[in-house]
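Worksheet: one structure, shown below.
The figures that follow rest on heavy atoms only: side chains count, while hydrogens, waters and symmetry mates do not.
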Amino acid sequence: MRQAQTLNETQLRRVLQYCRSRRHPSRDQAIVQFSFYAGLRASEIAAVKYSDVVDEQGATREQFVLSAAQSKGGRTRTVYLSQRMRKVLADYAAELGHNNPERALFESQKGGAFSANTMCQLFLDIYKAVGLKDASSHSGRRTYITRLANKGIGVRVLAELAGHAHISTTQRYIDVNADQMSAAVELL
C-alpha cells in the first residue's frame with residue numbers, strides 16, 4: 001500500500017490558503033493544522049470534543065487525553081499541543097461562539113460530529129482541489145512525524161507522540177528524500 005505524501009511548507013501554505021476560500025474556512029484550516037501540528041489521525045480529529053481542548057475557564061489546554069474510544073487500538077494517549085497549535089485552537093474556539101463541553105470540536109455541515117469517513121473525505125477533497133494527488137488524511141500525520149525526526153527527536157519519543165505501540169511502526173512514517181540524504185553526507 002502506498003504511503004501518504006508528506007507536504008513541504010509551500011504545499012501546506014497552499015492547502016491552508018485554499019481552506020480560506022471554502023464554506024467553513026476556520027474549521028477547515030484548524031482541522032488541517034491539527035493533523036500537521038499535533039499528528040492526529042482523521043478519526044481522532046473527528047472524535048475530539050470541545051472540552052478536550054478547552055478548559056472550564058475557556059483557555060486552550062497544553063495537552064489532553066484521547067480516550068480509548070477516541071483513539072486507534074483502544075489505548076488512551078496524551079496529545080501535547082505546541083504554542084502554535086494552541087493559538088490555532090484558541091482562535092477557532094473563540095469563533096465557535098459556544099462552550100458546550102460535550103459538543104464535537106469540529107462539526108460537519110449537518111451540525112453533528114464528523115464520522116471518521118467524512119473527515120477522511122474532507123481531507124481528500126481539499127488535497128485534490130490543490131492538486132496533491134498522493135496526499136491523504138494521513139499526510140499531516142506523516143509530515144508531523146517526519147519533521148520532528150528531521151529535527152533530531154528520537155524515535156522512542158516520536159512513537160509516544162504518535163501513539164504507536166512499536167517504534168517500527170513509527171519508523172515507517174518517517175519520509176526520506178534526496179535533500180535529506182545530500183545534507184546528511186555533508187555532515188562528514
Side-chain angles (χ1 to χ4, degrees), residues 1-50 52-53 64-82 85 88-89 92-93 95-96 102-148 158-159 161-166 169-175:
M1 187 165 134
R2 186 174 205 156
Q3 287 198 322
Q5 175 183 355
T6 57
L7 275 62
N8 61 36
E9 252 334 288
T10 302
Q11 291 167 319
L12 177 56
R13 278 194 303 272
R14 206 167 76 219
V15 167
L16 293 173
Q17 180 65 35
Y18 171 71
C19 286
R20 290 183 194 104
S21 72
R22 290 175 53 87
R23 186 173 183 185
H24 302 284
S26 298
R27 180 201 70 187
D28 293 352
Q29 288 178 87
I31 287 170
V32 167
Q33 290 174 309
F34 222 166
S35 176
F36 280 84
Y37 299 126
L40 269 66
R41 298 172 179 94
S43 61
E44 293 168 341
I45 296 170
V48 172
K49 295 182 297 193
Y50 184 85
D52 290 332
V53 298
F64 67 95
V65 175
L66 280 175
S67 69
Q70 291 172 299
S71 64
K72 184 176 178 184
R75 297 181 17 198
T76 63
R77 77 175 165 107
T78 302
V79 176
Y80 294 87
L81 300 172
S82 67
M85 192 66 234
V88 167
L89 291 172
Y92 175 70
E95 195 172 302
L96 278 180
E102 293 309 307
R103 240 167 121 172
L105 181 62
F106 302 111
E107 294 184 343
S108 70
Q109 287 181 202
K110 295 179 181 177
F114 277 87
S115 70
N117 286 339
T118 56
M119 184 62 74
C120 288
Q121 191 59 52
L122 176 85
F123 279 104
L124 289 175
D125 291 346
I126 290 169
Y127 293 145
K128 181 180 178 185
V130 296
L132 298 171
K133 63 180 176 136
D134 292 328
S136 75
S137 62
H138 236 54
S139 290
R141 187 168 167 76
R142 279 201 74 219
T143 302
Y144 169 81
I145 293 168
T146 296
R147 284 182 177 177
L148 289 174
L158 292 174
L161 289 171
H164 291 152
H166 305 284
T169 304
T170 308
Q171 289 171 321
R172 289 193 306 265
Y173 275 71
I174 301 169
D175 193 25

Inset, instruction - Tell me, please, which residues at least two apart from Arg142 pass salt bridge (charged side-chain N to carboxylate O under 4.0 Å, His left out). - result: Asp175
Legend entry - Tyr127 to Gly140 - nearest heavy-atom pair and separation: OH-N, 4.3 Å
Inset, instruction - Taking all heavy atoms of Phe34 and all of Phe106, pick out the closest pair and write down the distance. - result: CD1-CE1, 3.5 Å
Legend entry - From OG1 (Thr170) to CG (Leu148), nearest 0.5 Å: 11.5 Å
List the atom pairs, donor and acceptor, that lie under 3.5 Å between side-chain atoms in residues 65-77 and the rest of the protein, sequence neighbours left out.
{"residue": "Ser67", "atom": "OG", "partner": "Ala69", "partner atom": "N", "Å": "3.4"}
{"residue": "Ser67", "atom": "OG", "partner": "Gln70", "partner atom": "N", "Å": "3.3"}
{"residue": "Ser67", "atom": "OG", "partner": "Gln70", "partner atom": "OE1", "Å": "3.2"}
{"residue": "Gln70", "atom": "OE1", "partner": "Ser67", "partner atom": "N", "Å": "2.9"}
{"residue": "Gln70", "atom": "NE2", "partner": "Ala47", "partner atom": "O", "Å": "2.9"}
{"residue": "Gln70", "atom": "NE2", "partner": "Asp52", "partner atom": "OD2", "Å": "2.8"}
{"residue": "Ser71", "atom": "OG", "partner": "Ser67", "partner atom": "O", "Å": "3.2"}
{"residue": "Ser71", "atom": "OG", "partner": "Arg75", "partner atom": "O", "Å": "2.3"}
{"residue": "Arg77", "atom": "NH1", "partner": "Leu161", "partner atom": "O", "Å": "2.7"}
{"residue": "Arg77", "atom": "NH2", "partner": "Glu44", "partner atom": "OE1", "Å": "2.6"}
{"residue": "Arg77", "atom": "NH2", "partner": "Glu44", "partner atom": "OE2", "Å": "3.2"}

Legend entry - Leu122 side, atom CG; Arg22 side, atom CZ - distance, nearest 0.5 Å: 5.5 Å
Legend entry - salt bridge (charged side-chain N to carboxylate O under 4.0 Å, His left out) partners of Glu95, counting only residues at least two apart: none
Legend entry - Backbone N/O of Arg172 and side chain of Gln3: donor-acceptor pair under 3.5 Å: yes
Inset, instruction - Look at the side chain of Arg141 and the backbone N and O of Gly39, then say whether any donor-acceptor pair between them is shorter than 3.5 Å. - result: yes
Inset, instruction - For Tyr18, check ring pair (Phe, Tyr, Trp, His ring centres under 6.0 Å) against everything at least two apart and list the hits. - result: none
Legend entry - Which residues share a ring pair (Phe, Tyr, Trp, His ring centres under 6.0 Å) with Tyr50, sequence neighbours left out: His98
Legend entry - Greater than 12 external heavy atoms within 6.0 Å of Arg23's CZ: no
Inset, instruction - Go through Asn117 and Gln121 one step at a time and tell me if the side-chain hydrogen bond (donor to acceptor under 3.5 Å, both in side chains) criterion holds. - result: CA-CA 6 Å; Asn117 286 339; Gln121 191 59 52; over 6 Å; no
Legend entry - Arg14 side chain vs Val130 backbone, donor-acceptor pair below 3.5 Å: yes
Legend entry - Heavy-atom side-chain contact between Phe64 and Leu81 under 4.5 Å: yes
Inset, instruction - Only counting residues at least two apart or in another chain, list the ones meeting side-chain contact (heavy atoms from CB on, under 4.5 Å) with Asp134. - result: Arg2, Gln5
Legend entry - Whether His164 and Tyr173 hold their rings parallel, tilted or perpendicular, with breakpoints at 30° and 60°: tilted
Inset, instruction - Any chance you could measure Tyr144, atom OH, to Thr6, atom OG1, to the nearest 0.5 Å? - result: 15.5 Å
Legend entry - Any Leu12 side-chain heavy atom under 4.5 Å of Val32 side chain: yes
Inset, instruction - Check whether any side-chain N or O of Thr143 sits under 3.5 Å from a backbone N or O of Ser139 as a donor-acceptor pair, and report yes or no. - result: yes
Legend entry - Residue pair Leu40 / Val48, side-chain heavy-atom distance below 4.5 Å: yes
Inset, instruction - Please tell me if the side chains of Val53 and Tyr92 come closer than 4.5 Å, counting only heavy atoms from C-beta onward. - result: no
